[in-house]
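Just so it is clear: chains get the letters A, B, ... in the order the sequence lines come, proteins before strands, and each one is counted from 1.
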Number of protein chains: 2
Amino acid sequence: MYSIGALSRQSGVKVPTIRYYEDRGLLPEAERTAGGQRRYNADGLSRLRFIKHARDLGFSIEAITGLLQLQEHPDTSCQSAQTIALDQLTEVRLKIAQLSALERELARITDGCNGTGTTKNCYVMTSLSDHDLCAGDH
Amino acid sequence: MYSIGALSRQSGVKVPTIRYYEDRGLLPEAERTAGGQRRYNADGLSRLRFIKHARDLGFSIEAITGLLQLQEHPDTSCQSAQTIALDQLTEVRLKIAQLSALERELARITDGCNGTGTTKNCYVMTSLSDHDLCAGDH
DNA sequence: GTAATTGCTCTAGTCGCTAGAGGTTCAAGG
DNA sequence: CCTTGAACCTCTAGCGACTAGAGCAATTAC
C-alpha cells in the first residue's frame, strides 16, 4: 500500500495533482486509513501512470476519461481508442501548422530589424501595427 | 467616434475582450458618452489592431504591455522590441519542437493499431499503459 | 413614441493545475 | 509509551486570457 506521497514519487505526478485527478473522476476514490489518509495499491499506480502518459502526450482530461472507460471494457472494439488517439494526432498537427506560420512570420519580422534604429522606425513595431505587411496569414 | 461594437467589428476583437483589455491596462480608459458608453477614435482602433496582431502572433498580455510602452517612446532604441520578439520566436520554436515529438509518438502509436482488435490488446492502450514502449522522449 | 439593439457592470466559469492556510495523522526514535 | 516532525487532510483562491450570463440602462431607427 502506497501513501499519496509514495504514489507521487513512483509516478512523477505531484500530490495535489493526484487529488485533483480523483476529484475529476480520473482516479476512483481512494481507500482510506482509519485516520482518513489515502492508500493506493499497484492498480492505482498503473492507472495513474496511464493518465500521466496520456497527459504528457497532450490528451485532455476529457479524452483520458474516455480512454479509461474503454480500458474498463477490455473486450470491446478498440476502434474508439484509435479514434480518440487519431483526433489527438490531428489536433497536434493542426497546432504545429499554426505555430509554424507564426514562426515564419516572427522570423521575418525580427529579421527586418537589426536592433540599431529607434522604436519609431522599428520593423518589429510597424509590422505589428500594420497587418498588411505580413507575408502569410496567421 | 466608434462605439465599442463598431470597434469590435473594425478590429475583429470581441466586445467583452475589448473591455478586458481596458481592464488589464492594454487600452487606456475610454472616453464616455453622457450616458456612460465607451467611444473610440482612430487611435484607439490602431492600438487595438496592434494588440490583436500581437496576440495572434502569440505574444502574452505582459509582452504586449512592454511593446506598447516602447511604442510610447518612439525615439528610444528598438533593441528592446527586437528582444521581446526574439524571445517569442524562441518560445514558438520550442513549442513546435515539443509538439513534433508528440506527433511522432502519436503517429507511431496509432499506426500500431488497425482498429480491428479489442481494447485489451489495443496498441494504443498498451502504449499508454507502458511508457517503456515509447520510442523518443516526451 | 416605442421597440429593438446595443451598451453597461458584475459575477462566475473555462482548463489543468498550483499555492497557501490551518489543522490532523502517521512513523520513527528515545 | 511518548514525543517529534514529516507527511497528510480539506478548503479556498489564483494563474492566463478570455467567455457567458444576469439584470439593467442607453442609444438608434422607424
>> Test side-chain contact (heavy atoms from CB on, under 4.5 Å) on B:Val15 and B:Ser8; report intermediate values, then the result.
In response: CA-CA 6 Å; B:Val15 168; B:Ser8 169; 3.7 Å; yes
>> Checking B:Arg47 against B:Asp43 for the salt bridge (Lys or Arg N to Asp or Glu O under 4.0 Å) test, could you report, in this order, the C-alpha distance in whole Å, the side-chain angles of both residues, the deciding distance, and whether it holds?
In response: CA-CA 6 Å; B:Arg47 193 178 171 102; B:Asp43 272 5; over 6 Å; no
> In whole Å, what is the span from the CD1 atom of A:Ile51 to the C1' atom of C:dC15?
Replying inline: 16 Å
>> At a heavy-atom distance below 4.0 Å, what parts of residues 28-39 of chain A sit against DNA chain D?
In response: A:Arg32, A:Gly36, A:Gln37, A:Arg38
> Could you give the distance from CZ (B:Phe59) to CG (A:Leu102), rounded to the nearest 0.5 Å?
Replying inline: 9.5 Å
> Is a salt bridge present between B:Glu22 and B:Arg38, judged by a nitrogen-to-oxygen distance below 4.0 Å?
Replying inline: yes
> CZ of A:Phe59 versus C1' of C:dG16: gap in Å, rounded?
Replying inline: 17 Å
> Going from OG1 on B:Thr119 to NE2 on A:His73, what distance comes out if it is rounded to the nearest 0.5 angstrom?
Replying inline: 9.0 Å
> With A:Tyr40, which of A:Leu45, A:Leu48, A:Ile4 fulfils side chain to side chain contact (heavy atoms under 4.5 Å, CB included)?
Replying inline: A:Ile4
>> On DNA chain C, does the nearest nucleotide to B:Ala6 precede the nearest nucleotide to A:Ile61 from the 5' side, or the other way round? Give the residue.
In response: B:Ala6
>> For B:Glu72, is the CD atom crowded, meaning more than 12 foreign heavy atoms sit under 6.0 Å from it?
In response: yes
>> Looking at B:Lys52 and B:Asp56, is any side-chain nitrogen of the basic one under 4.0 Å from a carboxylate oxygen of the acidic one?
In response: yes
> Rounded to whole angstroms, how far apart are CG on A:Leu27 and P on C:dG16?
Replying inline: 15 Å
>> Within the structure provided, determine whether B:Asn121 and B:Thr118 are in side-chain contact (heavy-atom separation under 4.5 Å).
In response: yes
> Considering only heavy atoms, which members of residues 13-25 of chain B lie under 4.0 Å from some atom of DNA chain D?
Replying inline: B:Lys14, B:Thr17, B:Tyr20, B:Tyr21
>> If you count every heavy atom of other residues, nucleotides or ligands that lies below 6.0 Å from B:Gln10 atom CD, does the total exceed 12?
In response: yes
> Separation of B:Leu7 atom CG from C:dG7 atom C1', in whole Å?
Replying inline: 14 Å
> So, A:Tyr123 and A:Arg108: side-chain donor and acceptor under 3.5 Å apart, yes or no?
Replying inline: yes
> So where does chain A start and stop touching DNA chain D, 5' to 3', when the test is distance under 4.0 Å to a non-hydrogen atom?
Replying inline: D:dC8 to D:dT10
